[in-house]
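Computed from heavy atoms alone, side chains included, the values below leave out hydrogens, waters and symmetry copies. Remember, it's a predicted structure, so these values are computed and weren't measured experimentally. Reminder, nothing fancy here: chain letters follow the sequence lines and each chain counts from 1.
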Number of protein chains: 2
Amino acid sequence: MLSIGDLSRRTGVKVPTIRYYEQMGLLDAAERSEGNQRRYERTDLERLAFIRHARDLGLDIQAIRELIALSQHPNLPCADADRIAADHLSAVREKIEKLKKLEEELARIVSHCDGGHSIEECYVIRSLSDHGLCGGEH
Amino acid sequence: MLSIGDLSRRTGVKVPTIRYYEQMGLLDAAERSEGNQRRYERTDLERLAFIRHARDLGLDIQAIRELIALSQHPNLPCADADRIAADHLSAVREKIEKLKKLEEELARIVSHCDGGHSIEECYVIRSLSDHGLCGGEH
DNA sequence: CTTGAAGCTCTAGTGACTATAGGGATTATC
DNA sequence: GATAATCCCTATAGTCACTAGAGCTTCAAG
Ligand SMILES: [Zn+2]
Ligand SMILES: [Zn+2]
Ligand SMILES: [Zn+2]
Ligand SMILES: [Zn+2]
């Protein structure tokens, strides 16, 4: 039986975060010691590692909740799980696209000024004042 | 003199957001009509357009506050403004790098399963359970 | 002068935590 | 068995940049 601190050390998830996951329904409410402290077993450790890994990959709490629910039904087809992952991949790709546009614009803006001007002439300030100086939309 | 709604329509910034920017100190507290409604002038319109553009480029409120403060001193050198922009560009590039790693991993995971398995065999679920199946860190 | 749109303030909700306060439990040492 | 250090508990509030709603007042058109 592991304390919440043990679980934390073994997974790298902070103690308050573990309690938060319980509150959000990702972890089952843990058994308690006589003194009301949480006690965990190996299955909880695995569940938490799953959650942690899914979070590291950027999945949100709701998606993880659904994946956990699915994983409780080993014989169902996995189309739903695959769709969740595919949707997330699409969302990540969209974010990348948006950030690349920002990067391009910012790089252009930054390259036009080297800190050697006055604020009045600064290309950074002028670009922010006038989207017309931009190369694209955002 | 423009009402807050006029300002909203001309900049595409929603009315509550304009009030929020005032509260955050990005916009000066507007003059008021006899009936306590906000009234704006051209300079406010320009300020709001600046804020909007900076937000569209991903700068946060604090950075925008600093840029506005700088733009009030036209004769100072622009090194601080340039640094804010350059720092933001670096942050954007870091985000892109992280997202690209996620994308790669997610693409790999998704490509291994086509929805035609059982949950028990699903590569998505198995990958989430075991980071050892991953190609890199995240 | 009436009506409907627009404006006002204040509060709370979003997501995924993190921090703090003010206590109680457990464990190691003496 | 006492004590101290560490751990754990709940509950609340703060983060960021808004957004939504309640309940009220003001404005502009007809
Ligand atoms: Zn400059
Ligand atoms: Zn622009
Ligand atoms: Zn699958
Ligand atoms: Zn992994």
Side-chain angles (χ1 to χ4, degrees), chain A residues 1-27 29-40 44 48 50-68 84 87-88 91-92 95 98-99 102 138, chain B residues 1-27 29-40 44 48 50-68 84 87-88 91-92 95 98-99 102 138:
Chain A
M1 299 294 270
L2 304 169
S3 71
I4 197 168
D6 296 332
L7 204 61
S8 172
R9 275 181 293 278
R10 294 202 195 197
T11 58
V13 178
K14 290 180 185 157
V15 167
T17 306
I18 295 173
R19 289 196 277 249
Y20 170 73
Y21 288 157
E22 178 184 316
Q23 212 188 333
M24 292 298 101
L26 299 187
L27 291 171
E31 287 177 47
R32 299 293 180 123
S33 72
E34 285 185 16
N36 198 36
Q37 299 192 356
R38 289 171 179 81
R39 293 294 177 257
Y40 296 96
D44 299 304
L48 184 53
F50 181 97
I51 296 167
R52 170 83 207 266
H53 195 208
R55 286 293 301 128
D56 285 347
L57 285 164
L59 287 151
D60 64 21
I61 302 269
Q62 178 54 29
I64 297 173
R65 225 188 321 252
E66 292 173 28
L67 287 167
I68 289 171
I84 288 170
D87 287 353
H88 180 51
V92 168
K95 273 193 195 168
K98 281 189 187 158
L99 285 173
L102 287 195
H138 18 242
Chain B
M1 300 293 268
L2 304 169
S3 72
I4 197 168
D6 295 333
L7 205 60
S8 173
R9 275 181 293 277
R10 294 203 195 196
T11 56
V13 178
K14 290 181 186 157
V15 167
T17 305
I18 296 174
R19 289 194 278 247
Y20 171 74
Y21 288 156
E22 178 184 315
Q23 210 187 335
M24 292 299 101
L26 299 187
L27 290 171
E31 289 176 46
R32 299 294 180 121
S33 72
E34 285 186 15
N36 198 37
Q37 299 194 355
R38 289 171 179 80
R39 293 292 177 257
Y40 295 96
D44 300 305
L48 184 53
F50 181 97
I51 296 166
R52 169 84 207 265
H53 195 206
R55 286 292 302 127
D56 284 347
L57 285 165
L59 288 151
D60 65 21
I61 300 270
Q62 178 54 29
I64 297 173
R65 227 189 318 254
E66 292 173 29
L67 288 167
I68 288 172
I84 288 170
D87 286 354
H88 180 52
V92 167
K95 271 193 196 169
K98 281 190 187 157
L99 285 173
L102 287 195
H138 20 240

### Message
Does A:R32 reach a base, just sugar-phosphate, or nothing at all? Heavy atoms under 4.0 Å.
### Response
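Answer is sugar-phosphate: A:R32 comes under 4.0 Å of backbone atoms only.
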### Query
With sequence neighbours left out, which residue pairs that include part of residues 53-65 of chain A fulfil the salt bridge (Lys or Arg N to Asp or Glu O under 4.0 Å) condition?
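Listed once each, the pairs are A:R52-A:D56.
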### Task
Sort and list the pairs that fulfil salt bridge (Lys or Arg N to Asp or Glu O under 4.0 Å) and have at least one residue in residues 5-15 of chain A, not counting sequence neighbours.
A:D6-A:R9
Quick check for you: to the nearest 0.5 Å, what is the distance between [X] atom [atom1] and [Y] atom [atom2]?
X     : Y     : atom1 : atom2 : value
B:I51 : B:L26 : CD1   : CG    : 4.5 Å
B:L2  : B:I4  : CG    : CD1   : 11.0 Å
B:L7  : B:I18 : CG    : CD1   : 4.5 Å

Can you measure [X] atom [atom1] to [N] atom [atom2] for me and round it to whole angstrom units?
X     : N      : atom1 : atom2 : answer
B:L48 : D:dA17 : CG    : P     : 16 Å
B:D56 : D:dA17 : CG    : P     : 14 Å
B:L59 : D:dC16 : CG    : C1'   : 15 Å
B:I64 : D:dC16 : CD1   : P     : 13 Å

#### Entry: First and last nucleotide of DNA chain C, 5' to 3', lying under 4.0 Å from heavy atoms of chain B
C:dG7 to C:dT9
Which atoms of nucleotides 26-30 of chain D (N or O only) lie under 3.5 Å from a protein N or O atom, and what are those distances?
residue	atom	partner	partner atom	Å
D:dC27	OP1	B:S33	OG	3.2
D:dC27	OP1	B:G35	N	3.1

### Query
With sequence neighbours left out, what residues match A:E31 under side chain to side chain donor-acceptor pair (under 3.5 Å)?
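By the side chain to side chain donor-acceptor pair (under 3.5 Å) rule, A:E31 matches no residue at all.
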### Query
Which residues satisfy the side chain to side chain donor-acceptor pair (under 3.5 Å) test with A:H53, sequence neighbours excluded?
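Listed in chain order: B:H131, B:H138.
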### Query
Which residue pairs satisfy the side chain to side chain donor-acceptor pair (under 3.5 Å) criterion with at least one member in residues 17-27 of chain A, sequence neighbours excluded?
A:E22-A:R38
### Task
Look only at the side chain of A:H88 and the backbone of A:L57, and say whether a donor-acceptor pair between them is shorter than 3.5 Å.
yes
### Task
In sequence, state the C-alpha distance, the side-chain angles, and the governing distance for A:L67 and A:F50, and then conclude on side chain to side chain contact (heavy atoms under 4.5 Å, CB included).
CA-CA 10 Å; A:L67 287 167; A:F50 181 97; 4.1 Å; yes
### Closest approach of A:A30 to A:Y40 (non-hydrogen atoms, all atoms of both residues)
CB-CE2, 3.5 Å
### Query
So which of residues 13-22 of chain B are in contact with DNA chain C, with a heavy-atom cut-off of under 4.0 Å?
B:R19
